[in-house]
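Numbering of residues begins at 1 and proceeds along the displayed sequence.
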Amino acid sequence: MDNLNLMTLQKGQTMVNDAAMDAFAAGFRGNLLTSKDTDYNEARAIWNAMIDRRPGLIARCAGAADVVRAVRFARDNNLLVSVRGGGHGIAGNAVCEGGVVIDLSPMKSVRVDPEIRRARIEPGATLGDIDKETLAFGLVLPTGINSTTGIAGLTLGGGFGWLTRKFGLTLDNLVSVDVVTADGELVKASETERPDLFWALRGGGGNFGVVTSFEFQLNPLHSEVLAGLVVHPFADAEKVLQEYRQALDEAPDELTCWVVMRQAPPLPFLPAEWHGKEIVVLAMCYCGDIAAGQKATARLRAIGKPIADVVGPVPFTGWQQAFDPLLTPGARNYWKSQDFVSLSDAAIDVLLNAVGKLPGPECEIFIGHVGGAAGRIPTEATAFPQRSSHFVMNVHARWRETGMDARCIGWARELFEATKPHAVGTAYINFMPEDETDRVEMAYGANYARLAEIKLRYDPNNLFRMNQNVKPMAVRAA
């Protein structure tokens, strides 16, 4: 804190004077970090190691009052603002260069009311934090597949994973939010209070304010699910994907099965001779009665001659952490994504060709299986537009050395272009990298115009622009 009056925040030639800095610090309950603090480098680091930005100030908020103060400080001094929840976003928008990071990671409270099956969750909580609290009461919130992901960015962009087909997207389970708008006011948004803002927050990302509290409806879930991996040789990939596609036509909402294509990591259940070789993995989860799950997964598990089948009853909290070792912080990551209504033979050919060109041992392609309950909500009901897509492709380039940047990014971009003829044109904004700003309008499709109108009302000066940015609708001449 003593270092605060020694730093300068700049926008062009404008400096924030010491008096303004001191006044801000005096009423701030959390911690304020600058480059002179020992925790600064750790605080500015995020999951994607490609992002290396140096903010002028990191405001680690202790509560909603701190968020209000930080937003007003940034607005009054015309400073660049970024908002950090879990810091897991691929685009790296949680950290800005030279401006103010409003860091919500200390705000981790998860409060469950089992009688009404609701949870009040602060924006710094991770999916793992939430699962531990809700499942203690036999309840669950459908979220993503990596327990270290933050709830805030996941929800505001959509949120899909193993339970989406049964219980909808994360944002479909959102009841209300407390949000600090660009004018520095803390307001509530729900279906009945500021419904336009609530509509925009369900899929519109961080464009409309800083959420300080989420209220979710929870769903009943047994502590165990039927889940695991079935691993196939890549030589059988075409047949596996074609039969996978057919099997899912009859899948109940309780069943979700994703495809992962990559080089085999040294998993203990895989024979050593397969380590480092290309494989096709069917990752499945049935979130209902175990006996019914055995029947529902039988067709998928009967495909081909797998190298390994490790599907069985497991605690859901454990299954939610199964992919964490492959998604640890510190690696360089670049993603490209497409939405598909179906996996055509032509699309499968493109995907298999790309797997034959994997640029590194951590690079992969995964196909998320969605639809179900999430697909039965009208496109116009929320800002999230991808209700008709049955599959979401993520081209996940992941590597360690900077010398591999061009090769890995080039591979992802090449596959993205090759899959365009088979995709529907929308995109999951949480999978979009920072260089896809020109794709935002297409990603939202028919919902973009309404988002731009709401943006004009709540953030006309685009204070919240470190995101997949929706620009305020241009004011029409009278």
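- Classification of Lys305 and Asp236 as a salt-bridged pair fails, no side-chain N sitting under 4.0 Å from a carboxylate O.
- Between His275 and Leu270, the closest side-chain pair of non-hydrogen atoms falls below 4.5 Å.
- At least one side-chain heavy atom of Ile51 sits less than 4.5 Å from a side-chain heavy atom of Glu434.
- Between Trp258 and Phe160, the ring planes are tilted. Angles from 30° to 60° get that label.
- The nearest pair of heavy atoms linking Thr143 to Thr170 is CA-OG1, 3.3 Å.
- Across Val341 and Ser388, no two heavy atoms sit closer than the pair CG2-O, 4.0 Å.
- Results of the side-chain hydrogen bond (donor to acceptor under 3.5 Å, both in side chains) test with Thr426 over Asp339, Thr379, Asn447 single out Asp339 as the only residue that passes.
- Formation of a donor-acceptor pair under 3.5 Å by the Tyr448 side chain with backbone atoms of Val470 is not found in this model.
- Salt-bridge annotation for Asp309 and Arg301: present, with a side-chain N of the basic residue lying under 4.0 Å from a carboxylate O of the acidic one.
- With rounding to the nearest 0.5 Å, the separation of CG in Leu351 from CG in Leu343 is 7.0 Å.
- Residues satisfying the side-chain hydrogen bond (donor to acceptor under 3.5 Å, both in side chains) criterion with Arg69, sequence neighbours excluded, are absent altogether.
- In this structure the side chain of Phe73 reaches within 4.5 angstrom of the side chain of Leu79, judged on heavy atoms.
- Looking at Asn333, its side chain does come within 3.5 Å of a backbone N or O of Ala331 through a donor-acceptor pair.
- Looking at Ile429 and Tyr444, their side chains come closer than 4.5 Å, going by heavy atoms from C-beta outward.
- When atom types are taken as modelled, the side chain of Asn78 and the backbone of Ala74 share no donor-acceptor pair closer than 3.5 angstrom.
- Taking a cutoff of 4.0 Å between a charged side-chain nitrogen and a carboxylate oxygen, Arg44 and Asp52 qualify as a salt bridge.
- Residues Asn207 and Phe464 are not in side-chain contact: their nearest non-hydrogen atoms beyond the backbone lie 4.5 Å or more apart.
- A side-chain donor from one of Asn462 and Lys455 sits under 3.5 Å from a side-chain acceptor of the other.
- Aromatic ring centres of Trp47 and Trp335: separated by under 6.0 Å.
- Two residues are said to be in side-chain contact when any heavy atoms from C-beta on lie closer than 4.5 Å; Met466 and Val83 fail this criterion.
- Salt-bridge annotation for Arg299 and Glu243: absent, with no side-chain N of the basic residue lying under 4.0 Å from a carboxylate O of the acidic one.
- Dense packing is recorded around CD of Glu273, with more than 12 heavy atoms of other residues, nucleotides or ligands lying under 6.0 Å away.
- The backbone N or O of Ala374 sits less than 3.5 Å from a side-chain atom of Arg387, completing a donor-acceptor pair.
- Looking only at side-chain heavy atoms (C-beta outward), Thr126 and Ser147 stay at 4.5 Å or farther from each other.
- A donor-acceptor contact closer than 3.5 angstrom links the side chains of Tyr334 and Arg413.
- Salt bridge Arg53/Glu97: absent, no basic N to carboxylate O contact under 4.0 Å.
- Counting heavy atoms from C-beta outward, Arg165 and His369 have side chains that approach closer than 4.5 Å.
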